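The structure appears below as structure tokens.
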Amino acid sequence: MTYTGDVQVGGPADVRELPALSICKLAVGPFDNNAYLLRCTETGEGLLIDAAAEPDRLLALISDRPVGAIVTTHQHGDHWQALEQVAKVTGAQVVAHPLDAPALPLPADRTVEHGDTITLGRCSLEVIHLRGHTPGSIALLYDGGEAGTHLFTGDSLFPGGVGNTWKDPERFTQLYNDVVERVFDRLPDGTWVYPGHGKDTTLGAERPSLQEWKARGW
């Protein structure tokens, strides 16, 4: 596998080709956001996770191929600066959790809850609600069978810890518990984690540190 997930703003995308799904990771904007373009190998149908910034670069990545949906992982502005323009050009459906959707610059065409499914071509993504970074933060899970499990976590899980909860013990406890119960307790160590900023990781790499995260409170 040549995919590393190490991308830089202004640099090329990194592409991972699974048997049924391609994953294209691009770093954009002043906050080094990651945007992910997913495509069903069989149908060519696309889905964009977080139209964060630099709409021209995102549209160049999409090219003239179809994108059926743009999923925004949470309400923070650095994750949707390009949403309006990309949605207008592509005609893609705007998707978000109902608790975060009102903060987006345009109305959501579809709101999704924990356990819902989002399809692109022959592939499907499961919505996992991870409360704490924002009320409506979501992750998207792709189960590729023999190709492994792949989790797009927004700002809820990174290498080295959960997302920012601004030293609020209640919010940290909520996010930590959701990440443990809905992610680590359920998914295997080989699950690849694609976060909203920075480098990728795996659940196996992070699992030994869970008690350390809990003890430090962030």
Side-chain angles (χ1 to χ4, degrees), residues 3-9 14 16 23 25-36 49-50 52-53 71-81 96-104 112-115 125-143 148-218:
Y3 175 85
T4 65
D6 296 341
V7 292
Q8 304 293 327
V9 173
D14 199 2
R16 185 175 211 167
I23 300 169
K25 178 180 181 179
L26 185 71
V28 294
F31 298 101
D32 293 352
N33 287 75
N34 296 324
Y36 298 94
I49 300 173
D50 285 343
V71 181
T72 302
T73 58
H74 63 288
Q75 65 177 270
H76 289 155
D78 60 310
H79 289 259
W80 51 254
Q81 291 300 308
H97 190 279
L99 293 178
D100 278 15
L104 303 185
V112 289
E113 302 273 5
H114 181 67
L125 303 170
E126 179 190 335
V127 176
I128 301 176
H129 188 194
L130 300 173
R131 301 157 292 186
H133 182 66
T134 66
S137 289
I138 56 174
L140 299 175
L141 174 65
Y142 172 67
D143 185 348
T149 46
H150 301 262
L151 186 67
F152 302 87
T153 57
D155 284 2
S156 291
L157 178 63
F158 295 98
V162 298
N164 193 351
T165 52
W166 292 272
K167 300 182 179 179
D168 182 325
E170 186 174 338
R171 288 174 65 175
F172 170 77
T173 298
Q174 178 71 79
L175 180 54
Y176 177 84
N177 287 344
D178 275 3
V179 165
V180 169
E181 295 167 6
R182 298 181 174 188
V183 175
F184 282 94
D185 285 355
R186 176 186 167 200
L187 301 175
D189 282 352
T191 302
W192 196 276
V193 175
Y194 305 82
H197 305 263
K199 295 183 178 181
D200 300 352
T201 187
T202 65
L203 293 188
E206 305 304 323
R207 194 181 300 275
S209 302
L210 286 174
Q211 290 305 311
E212 176 189 339
W213 300 353
K214 184 177 181 180
R216 75 191 185 191
W218 56 274

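All residue numbers in this chain count up from 1 along the given sequence. What you see is a predicted model, and the numbers here were worked out from it, not measured in a lab.
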Establish, yes or no, whether a centroid distance under 6.0 Å links the rings of His97 and His74.
no

Determine the minimum heavy-atom distance between [X] and [Y], stating which atoms define it.
X      : Y      : answer
Asp14  : Thr4   : OD2-N, 2.9 Å
Ser156 : His133 : OG-CB, 4.4 Å
Gly196 : Asp155 : CA-OD1, 3.7 Å
Glu113 : Pro98  : OE2-CG, 3.3 Å
Ile138 : Val112 : CD1-CG2, 4.1 Å
Trp80  : Gln75  : NE1-O, 2.7 Å

Where does the angle between the aromatic ring planes of Tyr3 and Tyr194 fall among parallel (under 30°), tilted (30 to 60°) and perpendicular (over 60°)?
tilted

For Tyr142 and Leu140, what are the C-alpha separation, side-chain angles and deciding distance, and is it a side chain to side chain contact (heavy atoms under 4.5 Å, CB included)?
CA-CA 7 Å; Tyr142 172 67; Leu140 299 175; over 6 Å; no

In the structure I gave you, are the side-chain heavy atoms of [X] and [Y] within less than 4.5 Å of one another anywhere?
X      : Y      : value
His79  : Thr73  : yes
Ile128 : Thr153 : no
Trp213 : Leu210 : yes

Short side-chain to backbone donor-acceptor contact, [X] and [Y], under 3.5 Å:
X      : Y      : answer
Thr134 : Ser137 : yes
Asn34  : Pro195 : yes
His129 : Pro135 : yes
Arg207 : Phe184 : yes
Asp50  : Gly154 : no

Applying salt bridge (charged side-chain N to carboxylate O under 4.0 Å, His left out) to Asp200 and not counting sequence neighbours gives Lys25

Should Arg182 and Asn177 be marked as a side chain to side chain contact (heavy atoms under 4.5 Å, CB included) after you check the CA-CA gap, both sets of side-chain angles, and the distance that decides it?
CA-CA 8 Å; Arg182 298 181 174 188; Asn177 287 344; over 6 Å; no

Rounded at 0.5 Å granularity, tell me how far [atom1] in [X] sits from [atom2] in [Y].
X      : Y      : atom1 : atom2 : result
Ile49  : Thr72  : CD1   : OG1   : 10.5 Å
Leu151 : Thr201 : CG    : OG1   : 11.0 Å
Leu99  : Arg131 : CG    : CZ    : 10.0 Å
Thr149 : Leu187 : OG1   : CG    : 5.5 Å

Could you list all the side chain to side chain donor-acceptor pair (under 3.5 Å) pairs where at least one residue sits in residues 158-176, not counting sequence neighbours?
Gln174-Asp178

Please determine whether side chain to side chain contact (heavy atoms under 4.5 Å, CB included) holds for the pair Thr202 and Val193, giving the CA-CA distance in whole Å, both sets of side-chain angles, and the decisive distance to 0.1 Å.
CA-CA 5 Å; Thr202 65; Val193 175; 5.8 Å; no

Ion pair Glu126/Arg186, N-O distance below 4.0 Å:
yes

Neighbour count >12 (heavy atoms, 6.0 Å) for atom CZ, Phe31:
no

Determine whether more than 12 heavy atoms belonging to other residues, nucleotides or ligands lie under 6.0 Å from atom CH2 of Trp218.
no

Start with the C-alpha distance between His150 and Ile23, add both sets of side-chain angles, then the distance that settles side chain to side chain contact (heavy atoms under 4.5 Å, CB included), and finish with yes or no.
CA-CA 10 Å; His150 301 262; Ile23 300 169; 4.2 Å; yes

